Amino acid sequence: MAQTKLTNAQIAWRAAQDIPDGAYVNLGIGFPEMIATFQPEGRDVVYHTENGVLGFGAAPEEGQEDWDLINAGKKAITLNPGAAFFHHADSFAMVRGGHLDLAVLGAYQVAQNGDLANWRVGSKGVPAVGGAMDLVHGAKNVAVITDHVTKDGKPKLVETCTFPLTGLGCVTRVYTSLAVVDIRDGHFVLREKLADMPLEALQEVTGAKLHVDGTIADLVVPDLSGN
Amino acid sequence: MAQTKLTNAQIAWRAAQDIPDGAYVNLGIGFPEMIATFQPEGRDVVYHTENGVLGFGAAPEEGQEDWDLINAGKKAITLNPGAAFFHHADSFAMVRGGHLDLAVLGAYQVAQNGDLANWRVGSKGVPAVGGAMDLVHGAKNVAVITDHVTKDGKPKLVETCTFPLTGLGCVTRVYTSLAVVDIRDGHFVLREKLADMPLEALQEVTGAKLHVDGTIADLVVPDLSGN
Amino acid sequence: MDKTVSTVEEAVADIADGATVMIGGFGGSGAPVELIHALIDRFRATGSPGQLTVINNNAGNGGIGIAAMIKAGMVAKMVCSFPRSSNAEAFNTAYLAGNIALELVPQGTLAERIRAAGAGIPAFYTPTAYGTELAEGKQVEEFDGHMYVRERWLKADVALIKGKLGDRMGNLTYRLAGRNFNPLMAMAAETTIAQVSELVEPGGIEPEQVVTPGIFVDRLVEVAVPQQEEVLVREGVEY
Amino acid sequence: MDKTVSTVEEAVADIADGATVMIGGFGGSGAPVELIHALIDRFRATGSPGQLTVINNNAGNGGIGIAAMIKAGMVAKMVCSFPRSSNAEAFNTAYLAGNIALELVPQGTLAERIRAAGAGIPAFYTPTAYGTELAEGKQVEEFDGHMYVRERWLKADVALIKGKLGDRMGNLTYRLAGRNFNPLMAMAAETTIAQVSELVEPGGIEPEQVVTPGIFVDRLVEVAVPQQEEVLVREGVEY
């Protein structure tokens, strides 16, 4: 049976393929962090974390953690050669000042004009924003990785966000469990979709019109079930 | 014959007596730099210079200069134990952020409301401002050292500055060749004057009313002709 | 010039009721645990200082540090970017019961507001939060075709910070990512109190390697083997 | 990742006519003399780049560095705080003849405008210059009873800076007070080009001791025994 949707690992793998050699990248807390595991061989990518580290590497072995050496998700990290520490104002100067090539974030909703909602779903509970509102402004490209629909099947790619906004017109590309979609001039432009999925079926689970500009490539991702 | 006015060294000496132990101080380029030479024994004063050094000491021996180690006047300096280097934005964070206890500057004119004119005398020539406009805002106290009158005998303590302003209402104390004057609530308040100088004579060479608030002390300064 | 005091008790002895207190650290890294706990001891013994406004990226974790301050009832308000954590029960409980106020600030804006206070910049413009509910009521303005929000400086009465090396003039270095908000808070408070793992003689920190120059530090105390907040949380310690 | 190039000629080969160029240094300390002279060589050989706007605290001294650029006729405008120096004849002559424009900026405002550009802050308020002729035409505003002037960020196409150690990822340290404007300019330019006295392997600079993280640096070249501007001026060297 053909795969009907990508796993999270496969979405992360696909996003990782687009990160060019030499890029400075911030991966949002949680799901986006997984992208680093799929960094293609031979590419030098420098990862930034909001709490003041540039050039960090994989998690240490369990038991080897130094809890003064963590990322923004408060997970223990290690350092690659050429790493640097700096304070929070310098860290967000990197973010806000346009020095990062790419930020990859999760999303509750992405609108066709690039609006992003990813920090809270309503007014209940304890709100928490972290660095998301800063990251969506400043990085040269802001990508989102997400399931194509919510757990109860509602579109996450929408005409207009209904959840509280993180940023306006900030997202440039979305990697979902079904497709790769660019945002251009207020529209979703479909770049890749699962080969077995008809465009009509994809449109049906997308909350706004998917435009086509040139060819639609097949979204091809290796089986990562070992991951 | 009694001394009719203080020398520059004596003005600097008098200003140095008021700098408390533990103070962070910026001395303006030129004449104010002389104050450091008269720092009383046993007082620990940390000198700041705009180009990013805190805790510098005297000039090195001639021939021992390292021209990467200079003050804002581009003169070679040395370091005291506990010195620190930082960049220009941090340096002016110290200035503007109110972290310096005292800045001492020269003046063309000081007005009774604390306005200072010390950066240019007219619109001719090449203007240059340096850090003066920053220093007058931020330091907890801004003092001026100056001759009491100009070379042609005109008052430098005036009702209203006629030269271009460096800052508004910023000066808190003036050390002159004849007197020590505080600025309070828009007035000059005379604190000390040369013992042999009648108040009337001092008032005559001062461009605005000298108020008296309590006793006027004698301005007593040692003979520094050896300096 | 000697800014050192002998004990953490002495270091925090004059923090007043109602004070605004910046506390360094990000999660558990760079958190001045001993200074915080000394403040809690004082509150338990004397009922003071209470009604504090605490500024930190987070709002405490587990049962130690800021979480313990909240549980002790010393904190009237938190200013932070991310009050959520693996165990933020202390804050959550107080917040949902309406016993603690929250000012939520995007992390980069929080850092820049603190830096602005230290640098004498009363207000600045940032793209962050434009068009979101966190910019509601704030002035906005267009520069070069983009929209920005005006933000004010954020000052404090006291900063409690954690350094690695310190000399008696107050020069500091930090350990690894424990740097985070510490150097900024040192600049932004009326009184900055630092705990350091090792006191050295002036000159013991190379002038080129000083991270926080002493001018920003008012008082420091050596805590030779400081506790690490994350380790305490994982051990389930309750202070 | 390797940002190094072999020669200063190569390092400055793509700076365009009309570019805005930040040049690090304060007086002679931290001035990237070899990069400047390579740019002059290019201009003499090709007539390009000309009509430059140069941002530096000063406006050149003696007959080398920025002064030599001005004498060569490459500079249309200077942005600086203190164009006076012991020998500022090159600038003075050009300025008084009306051959060069000047934007005079208070030193702290210059530093903060450059830092703002690097940090993505389009405008900020400062007390500096309020009520003076250098604030004429600028927006003013009251905060907490004090008056402030609004200043804009200051960006550049290129920054030429001088470091001490550098690795091929662009991490830098600086020598003594040669730090000054260099780390700020590195943040504020589209392309930052650094000359360093010693290239080291990544990791050769302790992560806690990096002053400018490599993200701010685009290109670097080793100049093992760099000339010191002040020494050249005192020797009367004309480039």
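Letters go in sequence order (proteins before strands), and every chain restarts at 1. Keep in mind that what you see is a predicted model, and the values were worked out from it rather than measured. All values below come from the heavy atoms of this structure, side chains included, with hydrogens, waters and symmetry mates left out.
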* Is the closest side-chain heavy-atom distance between B/Val129 and D/Gln107 below 4.5 Å? -> no
* Asked: So does D/His146 have more than 12 non-hydrogen atoms from other groups sitting under 6.0 Å from NE2?
  -> no
* Asked: What about B/His137 and D/Tyr130, are their ring centers closer than 6.0 Å?
  -> no
* **B/Asp66 versus chain D, the contacting section by heavy-atom distance below 4.5 Å** => side chain
* Exceeds 12 heavy-atom contacts within 6.0 angstrom, atom CD of D/Glu190 -> no
* To do: Sort by residue number and list every member of residues 156-176 of chain B having a non-hydrogen atom under 4.5 Å from chain D.
  => B/Pro164, B/Leu165, B/Thr166, B/Gly167, B/Leu168
* Structure fact -> Counting heavy-atom pairs under 4.5 Å with chain D, the top scorer among B/Ser91, B/Ala132, B/Ala93, B/Ala72 is B/Ala72
* **Shortest non-hydrogen contact from D/Pro183 toward B/His87** => CG-CB, 3.8 Å
* Has D/Glu238 got more than 12 heavy atoms of other residues, nucleotides or ligands less than 6.0 Å from its CD? -> yes
* Asked: Side chain, backbone, both or neither: which part of B/Val95 has a heavy atom under 4.5 Å from chain D?
  -> neither
* To do: Flag the one option from D/Ala31, D/Gly178, D/Ala111 with the top tally of heavy-atom pairs under 4.5 Å to chain B.
  => D/Ala111
* To do: Please state whether the side chain, the backbone, both or neither of D/Asn182 comes within less than 4.5 Å of a heavy atom of chain B.
  => neither
* From D/Arg234 CZ over to B/Trp67 CH2, what is the distance, rounded to the nearest 0.5 angstrom? -> 3.5 Å
* Interface residue of largest heavy-atom contact number with chain D, from B/Ile70, B/Val53, B/Val136, B/Leu69, under 4.5 Å -> B/Ile70
* Name the member of D/Leu134, D/Asn58, D/Val231 that forms the most heavy-atom pairs with chain B at distances under 4.5 Å. => D/Leu134
* Structure fact -> Minimal heavy-atom distance between B/His88 and D/Phe26, with the atoms involved, is CE1-CD1, 3.5 Å
* Mind listing the closest non-hydrogen atom pair of B/Asp68 and D/Gly30 along with its distance? => OD1-N, 3.5 Å
* Asked: Within a radius of less than 6.0 Å around NZ of B/Lys75, do more than 12 heavy atoms belonging to other residues, nucleotides or ligands occur?
  -> yes
* Asked: Where is the tightest heavy-atom contact between D/Phe82 and B/Lys74, given as atom of each residue plus distance?
  -> CD2-NZ, 4.4 Å
* Could you look at D/Val211 and say if it's the side chain, the backbone, both or neither that has a heavy atom under 4.5 Å from chain B? => neither
* **Part of D/Tyr95 lying under 4.5 Å from any heavy atom of chain B** => side chain
* Region of D/Leu110 in contact with chain B, defined by heavy-atom distances below 4.5 Å -> neither
* Asked: For D/Phe91, is it the side chain, the backbone, both, or neither that has a heavy atom closer than 4.5 Å to a heavy atom of chain B?
  -> side chain
* To do: Return yes when atom CD of B/Glu62 has more than 12 non-hydrogen atoms of other residues, nucleotides or ligands closer than 6.0 Å, and no otherwise.
  => no
* Flag the pair D/Glu133 and B/Arg120 as a salt bridge only when some basic side-chain nitrogen lies within less than 4.0 angstrom of an acidic carboxylate oxygen. => yes
* Side-chain donor-acceptor contact under 3.5 Å, B/Asp134 with D/Thr128 -> yes
* Selection from B/Phe86, B/Phe56, B/Phe92 maximising heavy-atom pairs under 4.5 Å formed with chain D -> B/Phe92
* To do: Count the heavy atoms belonging to other residues, nucleotides or ligands that lie under 6.0 Å from CD of B/Gln39, then report whether that count exceeds 12.
  => yes
* Do you know which of D/Gly28, D/Gly27, D/Pro106 has the most heavy-atom pairs under 4.5 Å to chain B? -> D/Pro106
* **Minimal non-hydrogen separation, B/Val126 against D/Pro83, with atom names** => CG1-CG, 3.6 Å
* To do: Counting only heavy atoms closer than 4.5 Å, note whether D/Arg84 contacts chain B via side chain, backbone, both or neither.
  => both
* At a heavy-atom separation under 4.5 Å, does B/Ala117 approach chain D through its side chain, its backbone, both, or neither? -> neither
